[in-house]
Amino acid sequence: MKAKALVLERQNELALREIELPGEVGPDDVRISMHTVGICGSDIHYYTHGRIGPFVVEAPMVLGHEGAGTVTEVGANVKALAPGDRVCMEPGIPDATSRASKLGMYNVDPAVRFWATPPIHGCLTPEVIHPAAFTFKLPDSVSFAEGAMVEPFAVGMQAVVKAKLQPGDTCVVTGCGPIGLMVALAALASGASRVVISDVVDDKLAIAAGYKGLIPVNVAHESLTERVTELTGEGWGADVVFEASGSPRVYDDALACVRPGGVMVLVGMPVEKVSFDVVLAQTKEVRIETVFRYANVYDRAIELIASGKVNLKPLIAETFDFDQSVAAFDRAVEARPTDVKLQIRVAADERH
């Protein structure tokens, strides 16, 4: 079927136009009327660079993978969802028979089909078809805007799960961008007593300062390791350090901040190889974990938001109408430090 969508024609060229998209609802699928879609850093990277690693835009592609909407049709086998249900969607569809999926690590399945990752179309279009197994009902207390934030928050949830965070832990997050903030909020909601979050931009850190339990540190003016030492005493260090900046310059600080026997979780993705002090990690017996997207955390992410333990609303900087999609992406390219999350409202109404 043909549908209007935000299409990345090629590097640096966006168009809001009709494009041929799948239209048939399979027996295990649902049809969803899209309401709100968030703009992710990967969407912007494809727009400005035309590629991320081995994933290259070689044909027109619909952008967007952070979405929420309303179910309008269900397949014959679908029992858990019904027309009218408000939902958000996990955008990666793995091969259920793959070895990775059988291990419960479907996020690293090489065959995963992920929205807005070439050549798979994303969800910035009025209607999408998606497997019911990766479509999650939103509680009444969770808005469409918050539902569209579940996807990035799930990255934070995955980081906390991989850390095996314990109640009362002191944590450090390096990088106060959208994902760094999601990691920090997930850590607080999972029982961290306090989270030190670092960056070099005061505007970003000011947003973090609005949350009780987050301790902002501008590393352009203050030593992160000294601040962590001051908080933990005797040069001990943090129980968990999450690296969420992707900056190659932060690894020495991040490793220095981990206590002996602590955990370092690598969330940010550097564009180039980085140097790493293996010996220091060994002498501390630091456990190192890595994160790639998420697996089996969407339902818990939604429940934390619904419970009120995680408030993502202050992170939404502005919402654009669907017809303003190109302008919204151009605003996102500006990377204003106060713009944690920009969203596009695909639906005509503003309910929820």
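Note that these values count all heavy atoms, side chains included, but never hydrogens, waters or copies made by symmetry. Keep in mind that what you see is a predicted model, and the values were worked out from it rather than measured.
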Group every Ile, Leu, Val, Met, Phe, Trp and Tyr by side-chain heavy-atom contacts under 4.5 Å, then state whether [X] and [Y] land in the same group.
X    : Y    : result
V37  : V340 : no
L188 : F153 : yes
M89  : M182 : no
V150 : W115 : no
V25  : V71  : no

**Complete:** ring-ring contact (aromatic ring centres under 6.0 Å, His included) test vs F134 passes for just one of Y298, F114, Y106, namely Y106
Does the side chain of [X] reach to within under 4.5 Å of the side chain of [Y], using non-hydrogen atoms?
X    : Y    : result
D239 : R259 : yes
V160 : M157 : no
P260 : W236 : yes
T319 : T36  : no
L315 : L185 : yes
D339 : E334 : no

Could you report the tightest heavy-atom contact between [X] and [Y], atom names first, then the distance?
X    : Y    : answer
V265 : A163 : CG2-CB, 3.7 Å
F242 : A159 : CE2-O, 3.4 Å
I302 : F136 : CD1-CB, 3.5 Å
D85  : A80  : OD2-O, 4.3 Å
D199 : C176 : OD2-N, 2.8 Å
K341 : I39  : NZ-O, 2.9 Å

Working to the nearest 0.5 Å, report the span between [atom1] of [X] and [atom2] of [Y].
X    : Y    : atom1 : atom2 : value
L81  : H130 : CG    : NE2   : 11.0 Å
K137 : D299 : NZ    : CG    : 15.0 Å
D109 : I93  : CG    : CD1   : 11.5 Å
C40  : H45  : SG    : NE2   : 11.5 Å
C171 : L165 : SG    : CG    : 4.5 Å
L304 : N311 : CG    : CG    : 12.5 Å

**Prompt:** Can you list every pair that meets side chain to side chain donor-acceptor pair (under 3.5 Å) and has a residue in residues 225-234, with sequence neighbours left out?
**Reply:** E222-R227, S223-T225
**Request:** Pick out which of L214, D169, V183 makes a side chain to side chain contact (heavy atoms under 4.5 Å, CB included) with V195.
**Result:** L214
**Item:** Residue from E66, Q343, K313 passing side chain to side chain contact (heavy atoms under 4.5 Å, CB included) with M149
**Value:** Q343
**Prompt:** With sequence neighbours left out, what residues match R249 under salt bridge (charged side-chain N to carboxylate O under 4.0 Å, His left out)?
**Reply:** none
**Message:** Please enumerate all residues that pass salt bridge (charged side-chain N to carboxylate O under 4.0 Å, His left out) together with E20, with sequence neighbours excluded.
**Reply:** none
[X] side chain to [Y] main-chain N or O, any donor-acceptor pair under 3.5 Å?
X    : Y    : result
E243 : G246 : yes
Q11  : T48  : yes
D203 : T338 : no
K204 : G175 : no
S101 : T97  : no
T174 : S245 : no
Y294 : E90  : no
D29  : I129 : no
Q324 : D321 : yes

**Request:** Test F322 against M34 for side-chain contact (heavy atoms from CB on, under 4.5 Å), laying out the working first.
**Result:** CA-CA 11 Å; F322 187 43; M34 295 302 301; over 6 Å; no
**Request:** Verify side-chain contact (heavy atoms from CB on, under 4.5 Å) between C123 and V62, making sure each step is shown before the conclusion.
**Result:** CA-CA 7 Å; C123 63; V62 178; over 6 Å; no
**Asked** For H121, which residues count as a ring pair (Phe, Tyr, Trp, His ring centres under 6.0 Å) partner, sequence neighbours excluded?
**Response** none
With a 6.0 Å cut-off (strictly less than), is the heavy-atom count around [atom1] of [X], excluding the residue itself, greater than 12?
X    : atom1 : value
R331 : CZ    : yes
R99  : CZ    : no
E24  : CD    : no

**Request:** Under the side-chain contact (heavy atoms from CB on, under 4.5 Å) rule, what do I197 and L181 come out as? Steps first, then yes or no, please.
**Result:** CA-CA 8 Å; I197 186 165; L181 284 164; 4.1 Å; yes
**Complete:** Joining Ile, Leu, Val, Met, Phe, Trp and Tyr whenever any side-chain heavy atoms lie under 4.5 Å apart, the cluster holding M1 also takes in none
**Item:** Hydrophobic cluster (4.5 angstrom, side-chain heavy atoms) - remaining members for L224
**Value:** V172, V196, V200, V201, I215, V217, V219, V228, L231, V241, V250, Y251, L255, V258, M264, L266, V274, F276, V278, L280, V286, I288
**Sole candidate of K2, K4, R31 that passes salt bridge (charged side-chain N to carboxylate O under 4.0 Å, His left out) when paired with E127** = R31
**Prompt:** Do the ring planes of Y47 and F329 sit parallel (below 30°), tilted (30 to 60°) or perpendicular (above 60°)?
**Reply:** perpendicular
**Request:** Go through the steps to decide whether F292 and Q158 satisfy the test side-chain contact (heavy atoms from CB on, under 4.5 Å), and finish with yes or no.
**Result:** CA-CA 8 Å; F292 182 64; Q158 179 78 356; over 6 Å; no
